[in-house]
Participant: 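Once you've had a glance at the structure underneath, I'll fire off some questions.
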Amino acid sequence: MPLRIFNVLGREKQDFEPLEPGHVTMYVCGPTVYDHPHIGHAKTYVAFDVVTRYLRHSGYNVLYVQNITDVGHLLDSGEDRVLRKAAQTQSKPMQIVEMYTKSYFDAMDALGVRRPDISPRASGHVPEQIKMIEKLLEKDVAYVANGSVYFDVSKDPDYGKLSNRRLQEQEAGTREAVRGEKRNPEDFALWKKAEPEHILRWESPWSEGFPGWHIECSAMALKYLGPTFDIHGGGIDNIFPHNESEIAQSECANDAEFARYWMLVGSLTVDGIKMSKSLGNFITIADALKRYRPEVIRMFMLSVHYSSPVDYSEEALEAAAKGWERLYNAVRLTRRAANDSNESGADANGFLERVEQARTAFFSAMDDDFNTPIAIASLQELTRDVNSLLNSGTPVSSAVLTAINDTYSQLGGDILGIVPADEIETGGSAQREAALVELLIRMRAEARANKNYAESDRIRNELAEAGVILEDRADGTVWKTE
RNA sequence: GGCGACGUGGCCAAGUGGCAAGGCAAGGCUCUGCAAAAGCCUGAUCACCAGUUCGAAUCUGGUCGUCGCCUCCA
């Protein structure tokens, strides 16, 4: 079954056929680095992390570009976001950029989001942007006004095709100061002449100034992926005007189709309302990671289809954590059994077929527009049967245990990033800890054998207070840390 | 006002014509010295109304409600 993707451009699910067989070129709008990344960023970039992981797992050679916006992204007051932060903190704009770029990558690394292949910065690609603006002027779809350059949307009959907006229907929501310069209220800036106090500025044929927000993505996508590429991703909130304008600029400048498949991620709300600083419900990724494991945060975000909105709340995260623990408990039991098992021989339980069934369900879910909720459900159903198998007391061959573990590690780990790698802790302190816990377990076993339950319960309780959980199983006592 | 999404068991959430996945929570049970973990069982006719159809949560029209975007936002 081929991979199918819901293409926002045209609003239909389509078979995915990359331009070049076996290769996928993908561009995702990255963050503007003027503050710490929040859990809304996490939802978008976890989604595309899974997309790239799955594409690669499916055999595609993926080139993934995600920009860093460090210039030109203005507030509605007309101030540059980065410059305002710099002024507030009395630092250089590029200090701000460095600091929050690092914060962004730190957060993504912590969430297990793999780095894009190329992370170009807007400020490092001003010449490319100027060149593209010149092309648009040559083609007469842009015009110069008072040192600034605007895209003339009335020259582009396709303008609105992604977001389904008709120009006549748009209200003029433009800032007063620039309204007079524009031919149409909907025209957007390609280049802005810098006010004297604006210190992020570059020479251009039109004025000393800075590029508009939309042109960076067009210019960098062209530079690294060519005029036409396969997948363009981002958050749904940027569909207009940002994504729409990217299409207009690129297709007019390059005389070629821009992105062939548009994948836009649903927004995240907190307790039912949109996150914002003023409402005090702004949750950074670092905040969330203080409370929940990265795998839990990922599982929470992947338990809803990427295109749907999701609401972040304490209860929802707790529920995700519980669900994740059940899954991971089974993974741990499997790995422990696999390490201990010396059962060779055939698949006496007929379980290999069950594992294969889960894999098939998982892959067909992922092939259907990356349906992670169903993919996760396939792992949870497998988990129920794995638990039954491991608790049944019947011997399980190491071939079966290996197949189960491989499935968890590959589907849950490599693709979804919700199952930690099977790492044997080799650090000295970890080994000492293990030895001490094992000693206490043996002491407790003795007490239990002597029916000294007061003593055995005391050991268990005190270990629990220290964060070590004991569970008695038919074949012995196992332990885990909280 | 325009564009778009959505309304499925207590909560979250899959499901675009043919007996309503999965998770969390709840109750009962099994296993266990107890606990934990785990498993089993119990529960929805899919906002409402009217159509199309042999048959609809799924298609059409309408009503009510929620949300996003239209101005900065992943």
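The structure displayed is predicted, hence computed values, not measured ones.
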Participant: Rounded to whole Å, please give me the gap between OH in Tyr328(A) and C1' in A36(B).
Facilitator: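 The distance from OH of Tyr328(A) to C1' of A36(B) comes to 18 Å, rounded to the nearest Å.
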Participant: Which base sits across from A21(B) as a Watson-Crick or G-U pair, both distances under 3.5 Å?
Facilitator: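 Base-paired to nothing in any strand shown.
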Participant: For Tyr45(A) and A74(B), do the ring centres fall under 5.5 Å apart while the planes stay under 30° apart?
Facilitator: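 No, Tyr45(A) does not stack on the base of A74(B).
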Participant: Output the rounded distance in Å from CG (Leu302(A)) to P (A13(B)).
Facilitator: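 Result: 14 Å.
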Participant: Would you tell me whether Arg326(A) and Asn329(A) have side-chain atoms, one donor and one acceptor, within less than 3.5 Å of each other?
Facilitator: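 Result is no, nothing qualifies.
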Participant: Does the side chain of Trp479(A) pick up a donor-acceptor pair with the side chain of Glu438(A) at under 3.5 Å?
Facilitator: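 A pair is found: one side chain offers a donor N or O, the other an acceptor, under 3.5 Å apart.
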Participant: How far, in whole Å, is A44(B) from A50(B) if one measures between their C1' atoms?
Facilitator: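 Result for the C1' pair: 24 Å, nearest Å.
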Participant: So, under a plain 3.5 Å distance rule, would you say the side chain of Asp311(A) forms a donor-acceptor pair with the base of C12(B)?
Facilitator: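 Looking at the base of C12(B), it does not pair with any donor or acceptor on the side chain of Asp311(A) (distance under 3.5 Å).
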Participant: Per the side chain to side chain donor-acceptor pair (under 3.5 Å) rule, which among Gln14(A), Glu12(A), Lys13(A) passes with Asn7(A)?
Facilitator: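 Result for side chain to side chain donor-acceptor pair (under 3.5 Å) with Asn7(A): Gln14(A).
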Participant: Nearest-nucleotide wise, let me know which of His41(A) and Asp457(A) is further upstream toward the 5' end of RNA chain B.
Facilitator: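 Mapping each residue to its closest nucleotide by heavy atoms, the 5'-most match is Asp457(A).
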Participant: Considering only the C1' atoms, how many Å lie between C31(B) and G39(B), rounded to the nearest integer?
Facilitator: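 Pairwise C1' distance, C31(B) against G39(B), rounds to 9 Å.
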Participant: Using atom C1' of each nucleotide, how far apart are C41(B) and C59(B) to the nearest Å?
Facilitator: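 Each nucleotide's C1' atom is 37 Å from the other's.
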Participant: Using heavy-atom distances to pick each residue's nearest nucleotide on RNA chain B, tell me which of Phe300(A) and Arg448(A) is more 5'.
Facilitator: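 Its nearest nucleotide being more 5', the pick is Phe300(A).
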Participant: Base, sugar-phosphate, or nothing for Asp237(A), non-hydrogen atoms under 4.0 angstrom?
Facilitator: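 Result for Asp237(A) = base.
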Participant: Using side chain to side chain donor-acceptor pair (under 3.5 Å), reason through Gln410(A) and Arg359(A) one step at a time and then give a plain yes or no.
Facilitator: CA-CA 10 Å; Gln410(A) 191 177 67; Arg359(A) 298 176 66 90; 2.5 Å; yes
Participant: Near Glu353(A) CD, under 6.0 Å, is it more than 12 heavy atoms from other residues, nucleotides or ligands?
Facilitator: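 Counting neighbours around CD of Glu353(A), 12 or fewer heavy atoms of other residues, nucleotides or ligands fall under 6.0 Å, so no.
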Participant: Provide the Watson-Crick or G-U wobble partner of C59(B), both distances under 3.5 Å; none if there is no partner.
Facilitator: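 The answer is G51(B), by the H-bond criterion.
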Participant: How far, in whole Å, is G65(B) from G51(B) if one measures between their P atoms?
Facilitator: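 My reading of the P atoms in G51(B) and G65(B) gives 23 Å.
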Participant: If you check every side-chain atom of His305(A), which of G4(B), A74(B), A14(B) has the closest atom?
Facilitator: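 Closest nucleotide to the His305(A) side chain: A14(B).
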Participant: If you check the Val304(A) side chain, which of A13(B), A74(B), A35(B) turns out closest?
Facilitator: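 Nearest to the side-chain atoms of Val304(A), counting from C-beta on, is A13(B).
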Participant: Look through every strand shown and name the nucleotide pairing with U32(B) as Watson-Crick or G-U wobble, where both distances are under 3.5 Å.
Facilitator: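 Result: none.
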Participant: Would you mind reporting whether Thr372(A) and Tyr306(A) have side-chain heavy atoms less than 4.5 Å apart?
Facilitator: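 Not in contact.
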Participant: Taking the same atom, C1', in C40(B) and in G68(B), what whole-Å distance lies between them?
Facilitator: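 Those two atoms are separated by 43 Å.
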Participant: Specify the separation, in whole Å, of atom CG of Leu470(A) and atom P of A37(B).
Facilitator: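 Distance, rounded to whole Å: 13 Å.
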Participant: Can you tell which of G33(B), A14(B), A74(B) lies closest to the side chain of Thr32(A)?
Facilitator: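 Looking only at heavy atoms from C-beta outward on Thr32(A), the closest nucleotide is A74(B).
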Participant: Kindly say if Ser267(A) contacts the phosphate of A5(B), meaning a side-chain N or O under 4.0 Å from OP1 or OP2.
Facilitator: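 For Ser267(A), the contact criterion (side-chain N or O under 4.0 Å from OP1 or OP2 of A5(B)) is not met.
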Participant: Go through the side-chain N and O atoms of His38(A) and Tyr312(A) and say whether any donor and acceptor fall under 3.5 Å apart.
Facilitator: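 Result is no, nothing qualifies.
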Participant: Roughly, in whole Å, what's the span from OH in Tyr159(A) to P in G2(B)?
Facilitator: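 From Tyr159(A) OH to G2(B) P: 20 Å.
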Participant: Side chains of Ser313(A) and Asp271(A): is there a donor and an acceptor less than 3.5 Å apart?
Facilitator: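 No.
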Participant: Report yes or no: is the cationic atom of Arg84(A) (NZ for Lys, CZ for Arg) closer than 6.0 Å to the six-membered ring centre of Tyr34(A), at no more than 45° off its axis?
Facilitator: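 So Arg84(A) doesn't make the cation-pi contact.
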Participant: Quickly work out the Arg335(A) CZ to A37(B) P distance and round it to whole Å.
Facilitator: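 About 21 Å, once rounded to whole Å.
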Participant: Any base atoms under 4.0 Å from Gly234(A), or only sugar-phosphate, or nothing? Heavy atoms, all strands.
Facilitator: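 It contacts sugar-phosphate atoms only.
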Participant: If A44(B) has a Watson-Crick or G-U wobble mate with both distances under 3.5 Å, name it; if not, just say none.
Facilitator: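 Base partner found: none.
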Participant: Testing Asn371(A), Asp15(A), Asp367(A) for side chain to side chain donor-acceptor pair (under 3.5 Å) with Arg4(A), which one passes?
Facilitator: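 By the side chain to side chain donor-acceptor pair (under 3.5 Å) criterion, Arg4(A) pairs with just one of Asn371(A), Asp15(A), Asp367(A): Asp15(A).
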Participant: Can you check the Phe6(A) CZ to G4(B) P distance for me, whole Å?
Facilitator: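 These atoms are roughly 12 Å apart.
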Participant: Roughly how many Å apart are C54(B) and C48(B), using the C1' atom of each and rounding to a whole number?
Facilitator: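 The same atom, C1', in both gives a distance of 26 Å.
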Participant: When the P atoms of G9(B) and A21(B) are compared, how many Å lie between them, rounded to an integer?
Facilitator: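 One P to the other, the span is 14 Å.
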Participant: Give Asn387(A) one of three labels, base, sugar-phosphate or nothing, depending on what nucleic acid heavy atoms sit under 4.0 Å from its own.
Facilitator: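 Sugar-phosphate, no base atom in range.
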Participant: Find the distance Tyr312(A):OH to C11(B):C1' and express it as a whole number of Å.
Facilitator: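 After rounding, the gap between these two atoms is 17 Å.
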Participant: Please report the distance, rounded to the nearest Å, between CG in Leu268(A) and P in A5(B).
Facilitator: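 So the two atoms are 21 Å apart, to the nearest Å.
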Participant: Which nucleotide, in any strand shown, forms a Watson-Crick or G-U wobble pair with G68(B), with both distances under 3.5 Å?
Facilitator: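 Here G68(B) is engaged in a pair, and the nucleotide opposite it is C3(B).
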Participant: Using the P atom as the reference point in each nucleotide, state the distance between A35(B) and G22(B) in Å, no decimals.
Facilitator: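 Those two atoms are separated by 28 Å.
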Participant: Check every strand shown and say whether Arg444(A) touches a base, only sugar-phosphate, or nothing at a heavy-atom separation below 4.0 Å.
Facilitator: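 Touches a base.
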Participant: Is Leu264(A) touching bases, backbone alone, or none of the nucleic acid, heavy atoms closer than 4.0 Å?
Facilitator: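 Touches nothing.
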Participant: Reading nucleotides 21-28 of chain B from the 5' end, what letters show protein touch, with B for base, S for backbone sugar-phosphate only, - for no heavy atom under 4.0 Å?
Facilitator: BSSSS---
Participant: Under 4.0 Å between any heavy atoms, over every strand shown, what does Gly30(A) touch: base, sugar-phosphate, or nothing? Just pick one.
Facilitator: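 If one applies the 4.0 Å heavy-atom cut-off, Gly30(A) turns out to touch the sugar-phosphate alone, with no base involved.
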Participant: Are any of Asn371(A)'s side-chain N or O atoms less than 4.0 Å away from OP1 or OP2 of G15(B)?
Facilitator: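 Looking at the OP1 and OP2 atoms of G15(B), one of them is under 4.0 Å from a side-chain N or O of Asn371(A).
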